[in-house]
S.K.: 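Right, I'll just put the structure down here and ask away after.
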Amino acid sequence: MAGYRLETTLKDFVRERVVESYRSLRGAPPTLWFNIRLNDNPQFGDYSANLAMLEAKAQGLVPRTLAQDIADEFVRRAGSEGLRAEVAGPGFINVFLSPERVQDSLRALLQAGEGYGTWELGAGRRLQVEFVSSNPTGPLTVGHGRQAVLGDVLASLSARLGYAVEREYYFNDEGRQVDLLAESLWIRYRELFGETREIPEGGYQGEYLKDIAAAVRASVGDGFAEFDESARTTFRHEAVSRISEGIRIDLETLGIRFDQYFSEGTLHRDGKVAEALAALRRVDAAYDKDGAAWLRAEHVPGGKDSVLVRSDGRPTYLLVDIAYHINKKERGFARVIDVQGADHVVEQACMKAALAALGFPPDFLGYAVHQFVSLKEKGETQRMSTRAGRFITLRDLVAEIGPDIVRYFMISRKPEAHLEFDLDLAKSQSLDNPATYIQYAHTRIASLFRKAGALGDGLAAADLAPLRSPDDLALIKKLDLFPEIVRAAGEGFAPHLLSEYALDVARFFHGYYDRNRVLGEADDVARARLALLRGVQLVLGQSLGIFGMSAPEEM
RNA sequence: GCGCCCGUAGCUCAGCGGAUCAGAGCGUUGGCCUCCGGCGCCAAAGGCCACAGGUUCGAAUCCUGUCGGGCGUACCA
């Protein structure tokens, strides 16, 4: 699949021409990055550039004069192609494109097909997205759901940028937490025999262990009267494997599949943890104090010297995690994205400090950090707490409103903002629901094509000349934004940019479709409009695909 | 106390490498069905962009401070 080339988007076409004009005028390229904006208001042309105002300030020139000079040069060079430029306001260069040039963008889109909005920035290098990574101690909550969808969508976006992407789930299947889990499960098991015991400090209180206990009894029988070594081993295995399987199913129902489940235990068994510490000591990033080994991270913003090995000799989570990241590098990943909750920011700074000390490239590891989720129902907001047993499982939520809607809501807010999940809106099947609204636009177009029959074939070669109304051209210019939105969403870990965009395209489509008749018009007009709507369908379909939502032909 | 994130329309939120953006969805009010799926469209009302200073010809956007909310600040993971 050929990558869609940057130069063919209209905005970049305009940028290039403006830069050329500036260079020819000033004898040097612009010194600053400037904005090209797509205008809603046709009075200001199709696109506006703020180049003159920025450069004038930097170089002590008069903005409007510089803008006029650039605009004149622009017209001199490109006027024969039907391009115009005007100066307005404090020094904007407003560019007007010919309908033919705008139509070119649609033609390129149709020819690129599903390759529209793909890039080759990653050049096929391997990129890993690690997410969820919840330890198998309980069911996934709605909070995990946000991370799951965010990670999955970032993986899809990274693939669009040209990386060879792998999704990985990191989990701990041994150690103290798992022992506590095993013991908690065993206590629930003993309750089935009428015994009453206290769940230990730091143990797991959740109801879900009662259900598992019953299943375990059916499978291992009635032995294990004491929590001895044999019981520990058995219950540890039962707890981890049953809960892991539950998690896997939960993710599956959301349409998420991992390429790799990575066990923390292997790092210990293979001596990788000790190696990591040795490596840190070699570069003087670790030191000893109070009988423990510490990481130097005070110099990093938000960082803090932290314990790597406790005074009793056990490594901390941080050291193991550092070993894990060394392992990622050794496995050949060029880049790694870790999706994490906002409660991990200090650890993230420490990790960055450690990897920097070990000589990793600064862009090797990127953190996609997200805030938490609260649920709103019937106007009331509830905060969830796993500890207090007050949470809604991801499974229940998906069962109630379906994976598509859950996915849309989870990525429609910027990750670093708190997400208030509006259950009533999510449950609504009608136009109120933005997810449904976008899918419906796709469906309407699919329906139109069913009706159009052969008229809708071979549209990549259609004559687009009839598309010259402001309505036609505005829609094409919106579709033209898709590649850059994909790029910004992927590079900035910001899927919400794409969901906003898709909603905007869907909204514009519905209005356009109301104002413009397609079938029944003269064949050349109908063909041209079908071509345009094919473009809309493609962009919406690709967007929904990136979100992991279905793009239905019928609803 | 310190660190990070967030304060924009009644509600949920975009915009934040400055100007030609005060925006969307929901909610409210009022219109549009001999018409390709009305699960649609159009319009109105509604905001001192938390507050106070500063930088700038120009600030929702950058800087400083204050006030609110969240999360951290473990030899937990």
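If you're wondering where the values come from, they're calculated on a predicted model, not measured in any experiment. Lettering follows sequence order; numbering is per chain, from 1.
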S.K.: Are A:Asp288 and A:Arg281 within salt-bridge range, i.e. N to O under 4.0 Å?
M.R.: yes
S.K.: Using a 4.0 Å heavy-atom cut-off, does A:Phe34 contact any base of the nucleic acid, only the sugar-phosphate backbone, or nothing at all?
M.R.: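 It contacts nothing in the nucleic acid.
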S.K.: Mind checking if A:Asn172 touches a base, just sugar-phosphate, or nothing, with heavy atoms under 4.0 Å?
M.R.: sugar-phosphate
S.K.: If you only use heavy atoms from C-beta on, which nucleotide in B:A77, B:U12, B:G18 is closest to the side chain of A:Asn35?
M.R.: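 The listed nucleotide nearest to A:Asn35's side chain is B:G18.
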S.K.: In whole Å, measure the gap between the P atoms of B:U12 and B:C4 for me.
M.R.: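 Result for the P pair: 26 Å, nearest Å.
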S.K.: Identify whether the distance between the nearest side-chain nitrogen and carboxylate oxygen of A:Lys328 and A:Asp338 falls below 4.0 Å.
M.R.: yes
S.K.: Between A:Arg444 and B:C39, does any side-chain N or O lie under 4.0 Å from OP1 or OP2?
M.R.: no
S.K.: Strictly below 4.0 Å: does A:Tyr437 bring a side-chain N or O up to OP1 or OP2 of B:C41?
M.R.: yes
S.K.: Could you check whether A:Glu491 pairs with A:Arg487 (Lys NZ or Arg NE/NH1/NH2 to Asp/Glu carboxylate O, under 4.0 Å)?
M.R.: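 Result for this pair is yes, salt bridge flagged.
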S.K.: Anything under 30° is parallel, anything over 60° is perpendicular, the rest tilted; go ahead and classify A:Phe171 against A:Tyr261.
M.R.: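 Perpendicular.
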S.K.: Below 30° counts as parallel, above 60° as perpendicular, anything between as tilted: where do the rings of A:Phe131 and A:Phe258 land?
M.R.: tilted
S.K.: Work out how far the P atom of B:U64 is from that of B:C2, and round it to whole angstrom.
M.R.: 14 Å
S.K.: By the rule that syn is within 90° of 0, classify the base conformation of B:C62 as syn or anti.
M.R.: anti
S.K.: Touch check for A:Asp305, heavy atoms < 4.0 angstrom, all strands: base, sugar-phosphate only, or nothing?
M.R.: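 If one applies the 4.0 Å heavy-atom cut-off, A:Asp305 turns out to touch nothing in the nucleic acid.
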S.K.: Charged N to carboxylate O below 4.0 Å: is that the case for A:Lys304 and A:Glu298?
M.R.: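 No.
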S.K.: For B:G3 and B:G46, measure between their C1' atoms and round to the nearest Å.
M.R.: 38 Å
S.K.: Does the side chain of A:Lys57 get closer than 4.0 angstrom to OP1 or OP2 of B:G18 through an N or O atom?
M.R.: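 Checking B:G18 against A:Lys57, no side-chain N or O comes under 4.0 Å of OP1 or OP2.
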S.K.: Would you indicate what A:Gln371 reaches in the nucleic acid, counting non-hydrogen atoms under 4.0 angstrom: base, sugar-phosphate, or nothing?
M.R.: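 Base, at least one base atom sits under 4.0 Å.
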S.K.: Look at all strands and tell whether A:Gly89 reaches a base, only sugar-phosphate, or nothing, counting heavy atoms closer than 4.0 Å.
M.R.: base
S.K.: Measure the CG-CZ distance between A:Leu97 and A:Phe13 for me, rounded to the nearest 0.5 Å.
M.R.: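 Result: 6.5 Å between the selected atoms.
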S.K.: Base, sugar-phosphate, or nothing: which does A:His496 touch, judged by heavy atoms less than 4.0 Å apart?
M.R.: sugar-phosphate
S.K.: I'd like the C1' distance from B:A19 over to B:G38, given in whole Å.
M.R.: 41 Å
S.K.: Name the nucleic acid region contacted by A:Leu497, choosing base, sugar-phosphate or nothing; use a 4.0 angstrom heavy-atom cut-off, strictly under.
M.R.: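 Since only primed, P, OP1 and OP2 atoms lie under 4.0 Å of A:Leu497, the category is sugar-phosphate.
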S.K.: Can a side chain N or O of A:Lys414 be found less than 4.0 Å away from OP1 or OP2 on B:G15?
M.R.: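 Yes, because at least one side-chain N or O of A:Lys414 sits under 4.0 Å from OP1 or OP2 of B:G15.
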S.K.: Tell which nucleotide pairs with B:U12, taking only Watson-Crick or G-U wobble pairs whose two distances are both under 3.5 angstrom.
M.R.: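 Partner of B:U12: B:A24.
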S.K.: Regarding A:Thr443, tell me which of base, sugar-phosphate or nothing describes its non-hydrogen contacts under 4.0 Å with the strands shown.
M.R.: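 Base, at least one base heavy atom under 4.0 Å.
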S.K.: Is it true that A:Arg296 and A:Asp305 make a salt bridge, defined as a side-chain N closer than 4.0 Å to a carboxylate O?
M.R.: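 Between A:Asp305 and A:Arg296 there is no salt bridge, as every charged N stays at least 4.0 Å from the carboxylate O atoms.
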S.K.: Need one value for A:Val518: base, sugar-phosphate or nothing, where a base atom within 4.0 Å counts as base even if backbone is also close, heavy atoms only.
M.R.: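 Base, at least one base atom sits under 4.0 Å.
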S.K.: For B:G58, which nucleotide in any strand shown is its Watson-Crick or wobble partner with both distances under 3.5 Å?
M.R.: none
S.K.: Quantified in whole Å, what is the P atom distance between nucleotide B:C41 and nucleotide B:C36?
M.R.: 15 Å
S.K.: Toward the 5' end of RNA chain B, which comes first, A:Pro315 or A:Asn50, by nearest nucleotide?
M.R.: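 The residue whose closest nucleotide sits nearer the 5' end is A:Asn50.
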S.K.: Please give the nucleotide sitting opposite B:C32 as a Watson-Crick or G-U wobble pair, both distances under 3.5 Å, or none.
M.R.: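 B:C32 is paired, partner B:G40.
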S.K.: Answer yes or no as to whether B:C71 has its base stacked against A:Phe372, where stacking requires a ring-centre separation under 5.5 angstrom and planes under 30 degrees apart.
M.R.: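 It does not: the two rings, one from A:Phe372 and one from B:C71, miss the stacking criterion.
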S.K.: Can you tell me the pairing partner of B:G72 across any strand shown, Watson-Crick or G-U wobble, with both distances under 3.5 angstrom?
M.R.: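 For B:G72, the partner nucleotide comes out as B:C2, under the 3.5 Å rule.
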S.K.: Output yes when at least one side-chain N/O atom of A:Arg310 is less than 4.0 Å from OP1 or OP2 of B:A77, else no.
M.R.: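 A:Arg310 to B:A77 OP1/OP2: side-chain N or O found under 4.0 Å.
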S.K.: Taking the nucleotide of RNA chain B with the nearest heavy atom to each, does A:Arg450 or A:Ala506 sit closer to the 5' end?
M.R.: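 Nearer the 5' end of the strand: A:Arg450.
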S.K.: Determine the interatomic distance between P on B:G72 and the same-named atom on B:C63; round to the nearest Å.
M.R.: 26 Å
S.K.: Considering every strand and a 4.0 Å limit on heavy-atom distances, what is the contact class for A:Gln439: base, sugar-phosphate, or nothing?
M.R.: nothing
S.K.: Given the structure, check if the side chain of A:Thr436 and the base of B:C39 hold any donor-acceptor pair shorter than 3.5 Å.
M.R.: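 Donor-acceptor pair under 3.5 Å: no.
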S.K.: If the C1' atom of B:A43 is compared with that of B:A52, how far apart are they to the nearest Å?
M.R.: 39 Å
S.K.: Check the phosphate of B:C36 against A:Arg529, side-chain N and O only, distance under 4.0 Å to OP1 or OP2. Yes or no?
M.R.: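 No, no such contact exists.
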S.K.: Expressed in whole Å, how much space separates the P atoms belonging to B:G53 and B:G58?
M.R.: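 Taking atom P in both B:G53 and B:G58, they lie 16 Å apart.
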S.K.: Counting only Watson-Crick or G-U wobble pairs whose two distances fall under 3.5 Å, which nucleotide matches B:A19?
M.R.: none
